[in-house]
Amino acid sequence: MDVAVFNTRPYDRQFLEAASQGTGHSFMWLEARLTAQTAGLAAGFPAVCVFVNDTVDAAVLEALAHGGTRLVATRSAGFNHIDLKAAARLGITVARVPAYSPHAVAEHAIAMILTLNRKTHRAYNRVREGNFALDGLLGFDMVGKSAGIIGTGEIGTIVARILAGFGCQILASDPMPNPALEDMGAVYLPPQELVARADIISLHCPLTPATRHLIDAAMIGRMKRGAMLINTSRGAVVDTAAVIAGLKSGQIGHLGLDVYEEEADLFFEDLSGTVLQDDLFARLLTFPNVLITGHQAFFTTEALTAIAETTIANIGSFETTGAVIHMVSADRVAQPS
Ligand code: NAD
């Protein structure tokens, strides 16, 4: 099958080529993001492969359908960037990678927690400059702290397991409680109560209308003073302006972000030679107790292998049967998994 791959980086090509050995698929590798302006490049391609920062709204889907595209395969678990109703209306099948390596994301969340706690991001620079003073590097023991996990699916469950291993008390919030966590001794609470009791809050829910700005000024106001907030889910689960106010007042003691509301214009690009236009993002970069990574939580060899293999399996299945293995349909918009 002919596949137009948008937003391609060298690692995408490397892993997709390896996974497609012997399948006969033919790829057009495009560095450009999929947008209304670039959709025409896929004309004549029955399959299009995208990533989280591509625009797959109704207008783009209409352009793709007009060009003969019948399959959109996203190299991600989340699918909030795709207008599923428009896809259904246009007869375009949408495939995703439901679980590639939840460990990759969970372990990155833990890396952020430990970095912010023990300030290794600051110690690294200090020691290289010959500054061995410990002032400002004070951390806390993880044992005995309350860790609140919002969203206890694949990733949240692994985060909970690792933090339980540190001796943390696990608090959880999810409309569908996970018996595996309850067996671990986790206590399920409404999110408002969880944030009031947790020393560390880690977000692992999908972005839905119900979770957009879940962490807003009111929720931040309910947090323990100096709490740590970690977001590796989707940027818009957090209200960035409210978080900045919380950092300035000291209400939020540590912030770890792998995702950002307006990341589409920033992440996955080398912008080191350009002037940063996003003032909220620029403000976040000024805090010593904020750690930001550019949507790299998924970025392990194991995860990229699994993403490529599942994507190729979806494309192969669509080619031979007309159906994909991991379909996302409009009727699941209200409750994505
Ligand atoms: P999952 O579907 O296994 O788990 C999501 C959980 O969130 C489910 O248990 C669901 O019931 C719960 N949930 C839904 N609405 C909720 C709400 N209002 N409050 C609390 N919980 C709610 O998904 P997963 O594989 O664990 O991934 C979680 C999210 O992580 C994805 O949706 C995606 O946005 C994000 N993600 C980020 C990266 C990254 O690189 N940073 C990579 C993969 C996934």
Side-chain angles (χ1 to χ4, degrees), residues 7 9 11-12 50-53 74-82 84 96-113 148-162 170-182 186-195 198 201-216 219 229-238 256-261 263-264 266-268 291-307 310-311 326 328 332-337:
N7 224 328
R9 298 292 173 270
Y11 47 83
D12 294 311
V50 300
F51 194 49
V52 288
N53 288 354
T74 183
R75 311 189 287 281
S76 62
F79 47 87
N80 51 284
H81 53 300
I82 304 174
L84 296 176
R96 68 166 180 148
V97 184
Y100 36 91
S101 173
H103 295 275
V105 183
E107 290 168 14
H108 191 77
I110 299 295
M112 295 193 111
I113 292 170
I149 314 294
I150 298 186
T152 52
E154 297 270 353
I155 297 168
T157 299
I158 296 169
V159 171
R161 200 173 290 139
I162 297 171
I170 306 300
L171 308 174
S173 192
D174 194 308
M176 294 197 288
N178 181 347
L181 258 84
E182 289 173 317
V187 180
Y188 272 92
L189 298 168
Q192 293 81 358
E193 279 184 48
L194 179 146
V195 298
I201 299 158
S202 196
L203 305 176
H204 300 289
C205 53
L207 177 62
T208 66
T211 63
R212 180 173 294 275
H213 286 192
L214 176 69
I215 304 298
D216 59 6
M219 286 287 254
L229 176 66
I230 304 291
N231 188 11
T232 59
S233 62
R234 283 291 180 268
V237 177
V238 166
L257 297 181
D258 185 54
V259 286
Y260 173 62
E261 270 187 287
E263 70 178 51
L266 296 171
F267 289 0
F268 309 117
L291 176 67
I292 304 178
T293 52
H295 208 136
Q296 73 171 76
F298 72 99
F299 201 59
T300 66
T301 300
E302 291 79 2
L304 290 192
T305 303
I307 288 170
T310 304
T311 300
H326 305 290
V328 197
R332 295 187 59 199
V333 172
Q335 262 195 340
S337 61

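In this text the structure is predicted, and so the values were computed from the model without any measurement. Read the numbers this way: they start at 1 and go in the same order the structure lists the ligands and their atoms.
With Thr211 contributing its side chain and Leu214 its backbone, the two residues share no donor-acceptor pair below 3.5 Å. Proximity of a side-chain donor or acceptor of Asp174 to a complementary backbone N or O of Thr152 within less than 3.5 Å is detected. A donor-acceptor contact shorter than 3.5 Å is absent between the side chain of Asn231 and the backbone of Leu257.
Applying the 4.0 Å criterion to heavy atoms of Gly151 picks out, from ligand 1, the atoms 7 (O), 20 (C), 21 (N). Close approach of ligand 1 to Met176 (heavy-atom distance below 4.0 Å) involves ligand atoms 11 (O). Near Asp258, the atoms of ligand 1 lying under 4.0 angstrom from a non-hydrogen atom of the residue are 39 (C), 40 (O), 41 (N). Below 4.0 Å from some heavy atom of Phe298 lie the following atoms of ligand 1, by number and element: 40 (O). Those atoms of ligand 1 that come under 4.0 Å of a heavy atom in His295, given as number and element, are 39 (C), 40 (O), 41 (N).
In this comparison of Gly294, Pro102, Pro175, the heavy atom closest to atom 21 (N) of ligand 1 sits on Pro175. Counting heavy atoms only, Gly153 comes closest to atom 4 (O) of ligand 1 of the residues Gly153, Ala99, Pro209. The heavy atom nearest to atom 14 (C) of ligand 1, out of those in Gly156, Ser233, Pro206, is found in Pro206.
Separating the CZ atom in Phe267 from the CD1 atom in Ile292 is a distance of 6.5 Å, to the nearest 0.5 Å. If you take NE2 on His204 and OG1 on Thr157, they are separated by 9.5 Å, rounding to the nearest 0.5 Å. The CD atom of Glu302 sits 10.0 Å away from the NE2 atom of His103 when rounded to the nearest 0.5 Å.
When heavy-atom distances to ligand 1 are checked against a 4.0 Å cut-off, Glu154 comes that close through both its backbone and its side chain. The parts of Ile155 lying near ligand 1 are both backbone and side chain, judged by heavy-atom distances below 4.0 Å. If you look at Ser173 next to ligand 1, the close heavy atoms, those under 4.0 Å, all belong to the backbone. Only the side chain of Tyr100 comes within contact range of ligand 1, with a heavy atom under 4.0 Å; no backbone atom does. Only the side chain of Val105 comes within 4.0 Å of ligand 1, judged by heavy-atom distances.
Between Ile158 and Pro102 the shortest heavy-atom distance is CD1-CB, 3.6 Å. Closest non-hydrogen pair, Val328 versus Arg96, comes out as CG2-CG, 3.5 Å.
Proximity of Leu207 to ligand 1 is not established, as no heavy-atom distance is less than 4.0 Å. Within the structure, the closest approach of Thr208 to ligand 1 does not fall below 4.0 Å when heavy atoms are considered.
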Let's go through Tyr188 and Leu194 carefully: what are the C-alpha distance in whole Å and the side-chain angles of both, what is the deciding distance for side-chain contact (heavy atoms from CB on, under 4.5 Å) to 0.1 Å, and is it a yes or a no? CA-CA 8 Å; Tyr188 272 92; Leu194 179 146; over 6 Å; no

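Taking distance alone, with nitrogen or oxygen atoms compared against 3.5 Å, Thr211 stays at or beyond that limit from ligand 1. Considering backbone and side-chain N/O of Gln296, none are found under 3.5 Å from N/O of ligand 1.
Between the side chains of His326 and Thr310, no donor-acceptor pair of N or O atoms lies under 3.5 Å. Side-chain atoms of His108 and Thr293 include a donor-acceptor pair closer than 3.5 Å.
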